[in-house]
Amino acid sequence: MTRQFDERTLSAYLDGELDDAAMQEVDEFLQQDAKAREYVLNATRTTAFLKAASNAILHAEVPEHLIAAVKSHGDRGGRRQPVVRTVFRIAAAIVLVLFGYGAGNLLINNQLGSLPITVAPVLKQYGHVVDAALEHNLSGTPRKWSEPQQSTMIMITPVKTYRDSKNIYYREYRLEVIAENQHQQVDGLAYRNSGGKWITKALFF
Amino acid sequence: MTHPDRRSRNKRKIAKQREETLRDQIVGLLPRLRRFGLSLAKDRDTADDLVQGACERALTRLDQLREGTRLDSWLYRIIYTQWIDLLRHRQVRSEKLIVFSRETESRSVSSDFDFNFSTPLDVRTALESLPEEHRAAVMLVCVEGYGYAEAADVLNVPAGTIASRVSRARGMMSRRLLEDKGQVLRLTKMEGKNDSAV
């Protein structure tokens with residue numbers, strides 16, 4: 001009779017932490033147990049996604065002050081950035097999001113109908129483009145969309161990403177519309193709802 | 001016979017050379033240290049402060065780095081210890097709003113590598129929802145490729161604790177990612193008895 005294995009053992013199996021005999025036993029168990037196979041598959045996917053999501057910083061430039069702090073430590077060289085700077089940024093972000101909530105509701109509820117002609121239809125018609133840009137584009141990376149028949153081109157550039165204490169994501173973005181040789185630019189703030197859709201809460205002109 | 005002054009000068013010279021070599025090695029490790037710091041701190045500025053503090057502390061205690069000790073493990077341990085100390089002084093941290101920088105957002109998942117499972121933001125949310133000690137364990141094992149014994153040494157816990165934390169962290173993250181996508185949750189807890197070697 002094949003032994004049963006719990007998640008802890010299956011996890012150790014994935015990490016190569018079992019001895020040869022145990023590895024073989026788990027292999028046999030996996031051939032017979034669909035739930036265990038599903039656990040292993042999902043755990044493997046989770047690990048792969050975790051690695052992919054964690055690696056971006058490896059390709060980012062290391063700040064000069066950090067390198068200087070290591071190279072010149074003891075020479076009173078690279079000075080540590082004060083924690084106060086971080087606190088200021090957090091405070092600024094809180095103010096921004098609170099303002100975004102209030103002003104955004106006001107704008108969305110009262111002024112969407114009176115937006116310049118090039119912006120209002122874009123938000124309604126090309127919501128899926130805004131959604132895709134906010135979901136997939138890094139801050140500073142624009143997503144473009146053009147409609148040759150209507151000679152309209154829109155460009156959405158996420159600017160910054162936030163997350164609040166309820167794990168809701170917010171993104172500032174810039175929406176540019178070029179239609180009939182006119183250029184219209186609007187800054188927006190959107191949040192990601194539980195269905196994964198980005199909802200614009202504020203527009204700034 | 002060598003003169004005592006000369007012997008002392010040679011000793012200082014060797015120590016200086018060792019320190020310079022270690023400084024270069026630490027600079028080379030900075031991207032990985034930042035990755036680990038970011039997984040704990042969740043925002044880049046705090047992560048960089050954490051890494052910088054850890055490097056400075058390490059450089060003042062180079063005499064404590066024993067022959068055969070991995071430099072990266074030693075630095076991870078210092079980062080983790082500093083993070084735990086910081087948390088103790090920051091009881092209201094859950095109320096803060098986290099500002100993500102470009103680097104922390106990660107790259108988007110391309111359509112040809114899509115398990116219909118999650119986006120980098122989902123993964124980061126799932127990781128950040130884990131308890132501190134689970135997050136550190138899963139990062140060291142799953143991302144840094146540490147064995148349970150090595151990770152246990154860094155986090156100063158038994159290897160069995162690492163096994164449990166990594167397993168629980170994987171389970172919690174998988175469930176969260178599946179739930180986020182509205183998929184049917186079929187990861188029912190398996191209640192089999194575990195008595196195999198870990």
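As the structure is a computational prediction, the values presented were derived from the model and not from experiment. Proteins come first, then strands; the chains are lettered A, B, ... in the order of their sequence lines, and each starts at number 1.
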Worksheet, complete the sentence: Counting heavy-atom pairs under 4.5 Å with chain B, the top scorer among V62(A), I67(A), D15(A) is D15(A)
Worksheet entry | Contact leader toward chain B among L50(A), L14(A), T47(A), where contacts are heavy-atom pairs under 4.5 Å | L50(A)
With no hydrogens and no angle check, do the side chains of [X] and [Y] hold a donor and an acceptor under 3.5 Å apart?
| X | Y | value |
| --- | --- | --- |
| S11(A) | R170(B) | yes |
| T46(B) | D43(B) | yes |
| E132(B) | Y80(B) | no |

Discussion item. The criterion is side chain to side chain donor-acceptor pair (under 3.5 Å); which residues satisfy it with R77(B), sequence neighbours excluded?
Written reply: D153(B)
Heavy-atom distances under 4.5 Å only: say whether [X] touches chain A with side chain, backbone, both or neither.
| X | value |
| --- | --- |
| V141(B) | side chain |
| C55(B) | side chain |
| S39(B) | neither |

Worksheet item: Y191(A) vs Y170(A) aromatic rings, parallel, tilted or perpendicular, using cut-offs 30° and 60°?
Response: tilted
